S.K.: 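Below is one structure. I have some questions about it.
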Amino acid sequence: MRKAVEGMSEDRRPDPATEAFVVHRSLLFTVAYEMLGSAADAEDVLQETWMRWVGVDLDTVREPRAYLVRITTRQALTRLRTLGRRKESYVGPWLPEPLLTAPDVAEDVELADSLSMAMMLVLEMLAPTERAVFVLREVFDLGYDEIAEAVDKTPAAVRQIAHRARAHVAARRPRDVVSPAESRAALAAFQRAIETGDLQSLLDILAPDVVVMSDGGGVRQAVPRPIVGADKVARLLRAGLEKAGEAVTFEPVQVNGYPGLIMRLDGEVDGVLAVRVEGGLVSGLYYVRNPEKLSRVARETAVAR
């Protein structure tokens, strides 16, 4: 295998292929993750992208970023169709794999919104090609010609797909873009409420139509279907926390660009809670307990666009 795999050429400087890949790696990971909802699968896509990239004659490449995004998109589309079949047999509700992100991600409102657990679930409703086109156009601002090459469609077809995808997303996406400060304030109030177990405090911070979903992957206990309504959600949370007692602790973190919590039982990670905030109230709670989806909670994941 080429020395580029190790990142160095004979003179100990990165060769051009490695340098281009490293420069754009966070972007490529983000593209793959937003298409797949799985960090593990996104990493596999990056490995496949690398294997194809090192075989390319760089003299024929005008724009490495666009070329790498094209390879990544094609590999992610292939894997996305396989993932669709896997999700059909998934035990219980399926949630995206949570990422711990750096605080500055929240300052890029469009990137944070596209990474949020709520938006990732909306993207799950799109067909594979629709999802690819929406992500590349709306999140990464690629031109229609570039996207057409990535998804093997004509630019005219891509425009139609983009229009259809935008309509689907607009009908389902969260209604408001929330500032980082508003999200942090709502999370802090929510954390105080669950730590004290005060039912009224929970009801005060939960939106009337709040929804809670949990993903145990058939390995950990989870609610089998979404629970909707402030009263039901508050009582569910209080019952679970009373059962856990003092063994449960909460660590505020950034989850997919927004404030969230790592929950531990007796010091061990039990799950990651992503929170959606609208109008200053918590409108969505997404709790991932599946151990296979918790490998990224020990460190931040670099994302970019």
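Only a predicted model underlies this, so the values are computations on that prediction, with no experimental measurement involved. Along the sequence shown, residues carry numbers from 1.
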S.K.: Looking at every non-hydrogen atom in both residues, tell me the closest pair between S183 and V178 and how far apart they are.
M.R.: OG-CG1, 3.5 Å
S.K.: Taking a hydrophobic cluster as the set of Ile, Leu, Val, Met, Phe, Trp and Tyr residues connected by side-chain heavy atoms closer than 4.5 Å, whether directly or through intermediates, do Y144 and V169 fall within one such cluster?
M.R.: yes
S.K.: Quick one: closest heavy-atom pair of A132 and L77, and the distance?
M.R.: CB-CD2, 4.0 Å
S.K.: State whether a side-chain donor-acceptor pair under 3.5 Å links R264 with T249.
M.R.: no
S.K.: Please round to the nearest 0.5 Å and tell me the distance separating atom CG of L46 and atom CE of M51.
M.R.: 13.5 Å
S.K.: Using every non-hydrogen atom in the two residues, find where Y258 and A112 come nearest and quote the distance to one decimal.
M.R.: CE1-O, 3.3 Å
S.K.: Do E278 and R276 meet the salt-bridge criterion of a basic N to acidic O distance under 4.0 Å?
M.R.: yes
S.K.: Tell me whether V275 is reachable from I205 by hopping between hydrophobic residues (I, L, V, M, F, W, Y) whose side-chain heavy atoms are closer than 4.5 Å.
M.R.: yes
S.K.: Would you indicate whether the side-chain heavy atoms of Q254 and L100 approach each other to under 4.5 Å?
M.R.: no
S.K.: Verify side-chain contact (heavy atoms from CB on, under 4.5 Å) between I161 and F134, making sure each step is shown before the conclusion.
M.R.: CA-CA 8 Å; I161 294 169; F134 181 87; over 6 Å; no
S.K.: With the side chain counted from C-beta on, respond yes when E34 and M119 share a heavy-atom pair under 4.5 Å apart, and no when they do not.
M.R.: no
S.K.: Could you tell me which non-hydrogen atom of P155 sits nearest to which non-hydrogen atom of A148, and how far apart they are?
M.R.: N-CB, 3.7 Å
S.K.: Passes side-chain contact (heavy atoms from CB on, under 4.5 Å), T72 versus F29? Steps please.
M.R.: CA-CA 9 Å; T72 299; F29 173 85; over 6 Å; no
S.K.: Look up atom CZ in R86 and atom CZ in R81, then write down how far apart they are to the nearest 0.5 Å.
M.R.: 15.0 Å
S.K.: Should V69 and V139 be regarded as members of a common hydrophobic cluster, given that ILVMFWY residues are connected when their side-chain heavy atoms come within less than 4.5 Å of each other, either directly or indirectly?
M.R.: yes
S.K.: With a sphere of 6.0 Å drawn around CD of E292, does it hold more than 12 non-hydrogen atoms of other residues, nucleotides or ligands?
M.R.: no
S.K.: Excluding sequence neighbours, so at least two apart, what forms side chain to side chain donor-acceptor pair (under 3.5 Å) with D270?
M.R.: Y287, R289
S.K.: Might you point out which heavy atoms bring L281 and P208 nearest each other, and give the distance in Å?
M.R.: CD1-CD, 4.5 Å
S.K.: Between L142 and R137, does a side-chain contact (heavy atoms from CB on, under 4.5 Å) hold up when you go through it step by step?
M.R.: CA-CA 5 Å; L142 265 65; R137 181 63 182 171; over 6 Å; no
S.K.: Ignoring hydrogens and geometry, is there a side-chain-to-backbone donor-acceptor pair from T78 to R74 under 3.5 Å?
M.R.: yes
S.K.: Would you check if L202 and F190 make a side-chain contact, meaning some heavy-atom pair closer than 4.5 Å?
M.R.: yes
S.K.: Would L121 and Y286 count as a side-chain contact (heavy atoms from CB on, under 4.5 Å) if you check the C-alpha gap in whole Å, the side-chain angles of each, and the deciding distance to 0.1 Å?
M.R.: CA-CA 10 Å; L121 286 172; Y286 310 98; 3.6 Å; yes
S.K.: Between K293 (side chain) and L95 (backbone), is there a donor-acceptor pair under 3.5 Å?
M.R.: yes
S.K.: So for atom NZ, which belongs to K232, do other residues, nucleotides or ligands contribute more than 12 heavy atoms lying within a distance under 6.0 Å?
M.R.: no
S.K.: Hey, can you pull the donor-acceptor pairs under 3.5 Å for the side chains in residues 59-67, sequence neighbours left out?
M.R.:
residue : atom : partner : partner atom : Å
T60     : OG1  : D57     : O            : 2.7
E63     : OE2  : R65     : N            : 3.1

S.K.: Judged by modelled atom types alone, do E43 and Q47 share a side-chain donor-acceptor pair under 3.5 Å?
M.R.: no
S.K.: Cluster partners of V219, using ILVMFWY side-chain heavy atoms under 4.5 angstrom, listed by chain and number?
M.R.: none
S.K.: Are side-chain heavy atoms of L261 and I194 found at a separation under 4.5 Å?
M.R.: yes
S.K.: What distance do R25 atom CZ and L27 atom CG have between them, rounded to the nearest 0.5 Å?
M.R.: 11.5 Å
S.K.: Taking P98 as the fixed residue, which of M120, R296, M117 is the one that meets the side-chain contact (heavy atoms from CB on, under 4.5 Å) rule?
M.R.: M117
S.K.: Hydrophobic clusters here meaning ILVMFWY residues chained together by side-chain heavy-atom distances under 4.5 Å, can you tell me if L115 and V277 are in one?
M.R.: no
S.K.: So, using side chain to side chain donor-acceptor pair (under 3.5 Å) as the criterion, who are the partners of N256 when residues are at least two apart?
M.R.: Y33
S.K.: Does CD belonging to E268 count more than 12 external heavy atoms closer than 6.0 Å?
M.R.: no
S.K.: Below 3.5 Å, can you tabulate the donor-acceptor pairs from side chains in residues 221-230 to any protein atom, sequence neighbours excluded?
M.R.:
none

S.K.: Given the rule that I, L, V, M, F, W and Y join up when any side-chain heavy atoms are under 4.5 Å apart, are V105 and V135 in one cluster?
M.R.: yes
S.K.: Once rounded to the nearest 0.5 Å, what's the spacing between atom OG1 of T129 and atom CZ of R164?
M.R.: 9.0 Å
S.K.: Give a yes or no answer on whether the side chain of W53 reaches the backbone of A17 with a donor-acceptor pair at less than 3.5 Å.
M.R.: yes
S.K.: Just by distance, with hydrogens left out, do E138 and S114 show a side-chain donor and acceptor under 3.5 Å apart?
M.R.: no
S.K.: Looking only at heavy atoms, which two atoms of L187 and P259 are closest? And how far apart?
M.R.: CD2-CB, 3.5 Å
S.K.: Measure the shortest side-chain to side-chain distance between F140 and T30 over non-hydrogen atoms and say whether it is less than 4.5 angstrom.
M.R.: yes
S.K.: Measure the shortest side-chain to side-chain distance between V54 and F21 over non-hydrogen atoms and say whether it is less than 4.5 angstrom.
M.R.: no
S.K.: Check whether any side-chain heavy atom of V288 lies under 4.5 Å from a side-chain heavy atom of E97, and answer yes or no.
M.R.: no
S.K.: Between E130 and A165, is there a donor-acceptor pair closer than 3.5 Å when you use the side chain of the first and the backbone of the second?
M.R.: no
S.K.: Just so I know, are the side chains of T101 and V255 near enough to count as touching, which here means a heavy-atom distance under 4.5 Å?
M.R.: no
S.K.: Give, for atom CZ of R173 and atom NE2 of H168, the distance between the pair rounded to the nearest 0.5 Å.
M.R.: 14.5 Å
S.K.: Charged N to carboxylate O under 4.0 angstrom, R238 versus D198?
M.R.: no
S.K.: With rounding to the nearest 0.5 angstrom, report the CD to OG distance, E107 to S179.
M.R.: 9.5 Å
S.K.: Taking only Lys NZ, Arg NE, NH1 and NH2, and the carboxylate oxygens of Asp or Glu, determine whether E48 and R79 approach each other closer than 4.0 Å.
M.R.: yes
S.K.: Who else is in the cluster with L199 when I, L, V, M, F, W and Y are joined by side-chain contacts under 4.5 Å?
M.R.: L203
S.K.: For the pair E146 and R70, find out whether any cationic side-chain nitrogen is under 4.0 Å from an anionic carboxylate oxygen.
M.R.: no
